[in-house]
Amino acid sequence: MMGSTNGLTSVRGNQPLFSFGVISDVQYADIPDGRSFLGVPRYYRHSIAVLQRAVQRWNDQKKHKFVINFGDIVDGFCPKDQSLNAVRRVVDGFEDFNGPVYHMIGNHCLYNLPRNKLLPILNIPSVDGRAYYDFSPAPEFRFVVLDGYDISAIGWPQDHPCTIEALKFLQEKNPNSDKNSPSGLEGLERRFLMFNGAVGKEQLEWLDGILQEATSLQQKVVICCHLPLDPGASSKEALLWNYDEVMSVIHRYNCVKVCLAGHDHKGGHAVDSHGIHHRVLEAALECPPGTDAYGYIDVYDDKLSLNGTDRMASTDMLFNPQAHFQEKRHQEVRN
């Protein structure tokens, strides 16, 4: 008898609550192919074809509630007189999706356009040029989009307090004259590079408030940030400067189940000490012609299931039942 009950549950459990498309690091530019600092080939013109195939596939699947782009839509090598048109071209590519698209900013976006020009084009809700926000596509879930370049030497005016704070921080942490060089930096210190950034104090307080609210509404939370938040899922050179501070806020609560990121082009996956999954998405930019890197995520009550295409690996991210159990106990104690 028990077997048949489980059978029923699993049949019912096979339907996701909703699903959404994902892609990262398109870094389009109308320039010849090149290589990264480490010599990895980059296909600047082809990446927009990857995006077009992704949008076509998402539309054909007719089941995705929205799409999330994890930043870096145009490459820093894009000639600056073409920046605006290149950004618009990629945004138009996303607009072909039959539904809402949520963007976040990456370093390459900011090499091309300052925040005040970029945010309106990406339709990012903003106060004072900040680019963090949240949305709830279903009552049981909340998505939090962090601004990893809140404190940054790129994107703000040169005399802006955020630029000044970032430059002072880099001066203290990175002795190299080229602040994008990790030369001589040891271990996790290798993240103190100019192409990374930090989440500022106000944003940390905002995040804390959102997680408090999500806990009281019994929502599960997915964190999205261009910069990775866990050393197990990313190379050290790609991490958010203060990933540890952000994670210490997140670890105060049990509502966060998954953190998704881009930036580190090879991708990665790890589960941290609190059972939170960290999935860094493989870059569209590094797809040789004819190959792809995009996917969609099916959202269930107890897991996120990433269905990757080609170079984007599929990943099942089961939520930590222990965290849910603790959450229930806390609820009972509070009630």
Side-chain angles (χ1 to χ4, degrees), residues 24-25 68 70-72 104-110 130-134 143-155 162 165-170 172-174 179-182 185-211 214 221-283 315 317 320 323:
S24 192
D25 297 84
I68 304 184
F70 283 82
D72 277 3
M104 64 200 79
I105 52 174
N107 50 312
H108 282 269
C109 310
L110 296 170
R130 313 285 167 174
Y132 51 89
Y133 60 97
D134 71 303
F143 284 68
V144 176
V145 177
L146 296 179
D147 180 353
Y149 293 89
D150 188 4
I151 307 299
S152 165
I154 42 182
C162 291
E165 188 181 334
L167 289 171
K168 185 168 169 286
F169 179 83
L170 281 170
E172 286 166 17
K173 299 286 188 185
N174 186 332
K179 298 298 178 198
N180 275 328
S181 167
L185 297 176
E186 292 295 319
L188 289 165
E189 290 177 355
R190 294 176 73 82
R191 71 187 187 277
F192 299 132
L193 305 172
M194 198 188 266
F195 58 63
N196 298 330
V199 164
K201 189 171 174 295
E202 273 176 48
Q203 187 178 174
L204 282 171
E205 286 165 8
W206 170 83
L207 174 64
D208 190 67
I210 293 284
L211 298 183
V221 176
V222 177
I223 303 278
C224 304
C225 184
H226 180 65
L227 292 158
L229 301 174
D230 185 78
S234 162
S235 63
K236 297 174 182 71
E237 294 83 358
L239 291 162
L240 185 82
W241 288 343
N242 63 335
Y243 77 87
D244 44 353
E245 276 188 288
V246 172
M247 288 316 298
S248 82
V249 171
I250 287 170
H251 287 154
R252 276 181 222 152
Y253 301 90
N254 289 315
C255 55
V256 175
K257 303 302 176 191
V258 175
C259 297
L260 300 171
H263 194 53
D264 194 22
H265 292 183
K266 68 183 184 305
H269 175 233
V271 181
D272 71 21
S273 58
H274 287 62
I276 297 172
H277 288 265
H278 294 261
R279 180 68 173 88
V280 179
L281 301 171
E282 291 81 359
T315 314
M317 294 169 268
N320 179 3

Please report the closest heavy-atom contact between Pro228 and Tyr243, naming both atoms and the distance. O-CB, 4.3 Å
How long is the span from the CG atom in Leu110 to the CD1 atom in Ile105, to the nearest 0.5 Å? 4.5 Å
Can you tell whether the side chains of Glu172 and Lys168 come within less than 4.0 Å, N to carboxylate O? yes
Which atom names give the shortest non-hydrogen contact between Cys255 and Ala214, and what distance separates them? SG-CB, 4.3 Å
Mark yes or no for whether Asp150, through its side chain, and Ala198, through its backbone, hold a donor-acceptor pair below 3.5 Å. no
When every non-hydrogen atom of Leu167 is compared with those of Ala153, the smallest separation belongs to CD2-CB, 3.7 Å
Do the side chains of Ser235 and Lys266 get nearer than 4.5 Å, heavy atoms only? yes
Check whether Asn242 reaches the backbone of Glu245 with its side chain - one donor and one acceptor, N or O, closer than 3.5 Å. no
When you measure from the side chain of Arg191 to the backbone N and O of Trp241, does any donor-acceptor pair fall under 3.5 Å? yes
Under the side chain to side chain donor-acceptor pair (under 3.5 Å) test, residues paired with Asn107 that sit two or more places apart: Tyr111, Tyr149, His226, His263
Output, in order, the C-alpha distance, side-chain angles, deciding distance and verdict of side chain to side chain donor-acceptor pair (under 3.5 Å) for His108 and Asp25. CA-CA 9 Å; His108 282 269; Asp25 297 84; over 6 Å; no
Does the side chain to side chain donor-acceptor pair (under 3.5 Å) test come out yes or no for Asp208 and Tyr253, once each step is laid out? CA-CA 9 Å; Asp208 190 67; Tyr253 301 90; 2.9 Å; yes
Closer than 3.5 angstrom, by distance alone: can the side chain of Asp147 be matched with the main-chain N or O of Ala131 as a donor-acceptor pair? yes
Testing the 3.5 Å rule here: is there a donor-acceptor pair between the side chains of Asp272 and His278? yes
Measure across Ile68 and Phe143 and return the closest heavy-atom pair with its distance rounded to 0.1 Å. CD1-CD2, 3.8 Å
Short side-chain to backbone donor-acceptor contact, Asn196 and Glu237, under 3.5 Å: yes
Does atom CD (Glu205) have a neighbourhood of more than 12 heavy atoms from anything else shown, all under 6.0 Å? yes
Please find the pair of heavy atoms, one from Lys179 and one from Leu170, that lie closest to each other, and give the distance. NZ-O, 4.0 Å
Please check: side-chain N/O of Asn180 versus main-chain N/O of Phe195, any donor-acceptor pairing under 3.5 Å? yes
Test side chain to side chain donor-acceptor pair (under 3.5 Å) applied to His277 and His269, step by step: CA-CA 7 Å; His277 288 265; His269 175 233; 2.9 Å; yes
Closest heavy-atom pair and its distance - Val256, Cys259: CG1-SG, 4.2 Å
